[in-house]
K.L.:
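Take this structure, written in structure tokens, and hold onto it; I'll ask about it next.
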Amino acid sequence: MSDILSQLATILEARKSESAESSYVASLYARPDKMLEKIGEEAVETIIAAKNGDREQIIYETADLWFHTMVMLAQKGLSPDDVLNELARRFGVSGHAEKASRTKTV
Ligand SMILES: N=c1c2ncn([C@@H]3O[C@H](COP(=O)(O)OP(=O)(O)OP(=O)(O)O)[C@@H](O)[C@H]3O)c2ncn1[C@@H]1O[C@H](COP(=O)(O)O)[C@@H](O)[C@H]1O
């Protein structure tokens with residue numbers, strides 16, 4: 001898994017024992033419907049950014065979208081590796097996603 005995703009996943013796990021008042025992530029764990037709404041909201045903002053063709057805005061909104069989907073995965077007891085392994089499986093490679101990317105690099 002990328003170092004950034006791995007480090008963020010560790011922080012998201014740690015936020016499970018924080019209070020909603022002290023942490024944005026903990027506040028989303030405390031309000032699961034709000035957490036899911038944020039994914040929808042960020043997806044729409046990503047689509048609008050892509051429609052507008054603004055490179056910086058696309059990157060910014062996609063980061064928001066990835067972040068909120070990672071919060072949801074953590075809340076469901078899943079990790080980014082679970083998703084990366086699914087993507088790797090679609091390459092026809094079992095095991096870790098990084099193995100798939102090496103295999104595909106020609
Ligand atoms: N990567 C992020 C991150 N990306 C986006 N956001 C927050 O996601 C929200 C994005 O929603 P919007 O753009 O709609 O902003 P908003 O209007 O404030 O949101 P709403 O009022 O609609 O809820 C903002 O509040 C951002 O601050 C993030 N908040 C936290 N992180 C990471 O999560 C870690 C833990 O955060 P805390 O739980 O706050 O300690 C941090 O160290 C960061 O690394």
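Worth saying up front: this structure is predicted, and the values here are computed from it rather than measured. Values below: all heavy atoms of this structure, side chains included; hydrogens, waters and symmetry mates excluded. Numbering of residues begins at 1 and proceeds along the displayed sequence.
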K.L.:
Would you compute the distance between atom CG of L73 and atom CG of D81 and round it to the nearest 0.5 angstrom?
P.N.:
11.0 Å
K.L.:
Apply the test side-chain contact (heavy atoms from CB on, under 4.5 Å) to residues I39 and L65: give CA-CA distance (whole Å), side-chain angles for both, the deciding distance (0.1 Å), then the verdict.
P.N.:
CA-CA 6 Å; I39 295 175; L65 178 59; 4.1 Å; yes
K.L.:
Which heavy atom in A26 sits nearest to a heavy atom in S19, and how many Å separate them?
P.N.:
CB-O, 3.4 Å
K.L.:
Check L12 against Y29 and note the closest heavy-atom contact, atom names and distance.
P.N.:
O-OH, 2.7 Å
K.L.:
Which pair of non-hydrogen atoms, one from Y24 and one from H68, has the smallest distance, and what is that distance?
P.N.:
OH-NE2, 2.8 Å
K.L.:
Distance-only, no hydrogens or angles: does the K34 side chain make a donor-acceptor pair with backbone N or O of S27 under 3.5 Å?
P.N.:
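Flag not set: sc K34 to bb S27 has no pair under 3.5 Å.
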K.L.:
Can you confirm whether F67 sits close enough to V25 that some side-chain heavy atom of one is under 4.5 Å from a side-chain heavy atom of the other?
P.N.:
yes
K.L.:
Does any N or O in the side chain of D82 come within less than 3.5 Å of the main-chain N or O of S79, such that one atom is a donor and the other an acceptor?
P.N.:
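Yes; judged by distance alone, with no hydrogens or angles, the pair exists.
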K.L.:
Working to the nearest 0.5 Å, report the span between CD of E45 and CD1 of I48.
P.N.:
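With rounding to 0.5 Å, CD (E45) is 7.0 Å from CD1 (I48).
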K.L.:
Is it true that a side-chain atom of S6 and a backbone atom of S2 form a donor plus acceptor pair closer than 3.5 Å?
P.N.:
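No, because the side chain of S6 does not come within donor-acceptor range (under 3.5 Å) of the backbone of S2.
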K.L.:
Does the pair M35 and K38 meet the rule for a side-chain contact (heavy atoms from CB on, under 4.5 Å), with working shown?
P.N.:
CA-CA 5 Å; M35 176 189 75; K38 290 300 292 181; 5.9 Å; no
K.L.:
Test M72 against every option in L36, L28, L78 by the side-chain contact (heavy atoms from CB on, under 4.5 Å) rule and name the one that passes.
P.N.:
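Of the listed residues L36, L28, L78, the side-chain contact (heavy atoms from CB on, under 4.5 Å) partner of M72 is L36.
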K.L.:
Nearest 0.5 angstrom please: E42 CD to Y60 OH, how far?
P.N.:
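It comes to 8.5 Å.
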K.L.:
List the steps, then state whether salt bridge (Lys or Arg N to Asp or Glu O under 4.0 Å) holds for R15 with E18.
P.N.:
CA-CA 5 Å; R15 290 300 185 267; E18 297 292 330; 5.1 Å; no
K.L.:
Given side-chain contact (heavy atoms from CB on, under 4.5 Å), test T46 with W66 step by step and report yes or no.
P.N.:
CA-CA 10 Å; T46 301; W66 285 18; over 6 Å; no
K.L.:
What is the minimum heavy-atom distance between A30 and A20, and which atoms define it?
P.N.:
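In this case the closest contact between A30 and A20 is CB-CB, 4.2 Å.
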K.L.:
With rounding to the nearest 0.5 Å, note down the distance linking CG in L84 to CG in L5.
P.N.:
6.5 Å
K.L.:
Determine yes or no for a side-chain-to-main-chain donor-acceptor pair under 3.5 angstrom, with D54 supplying the side chain and E56 the backbone.
P.N.:
yes
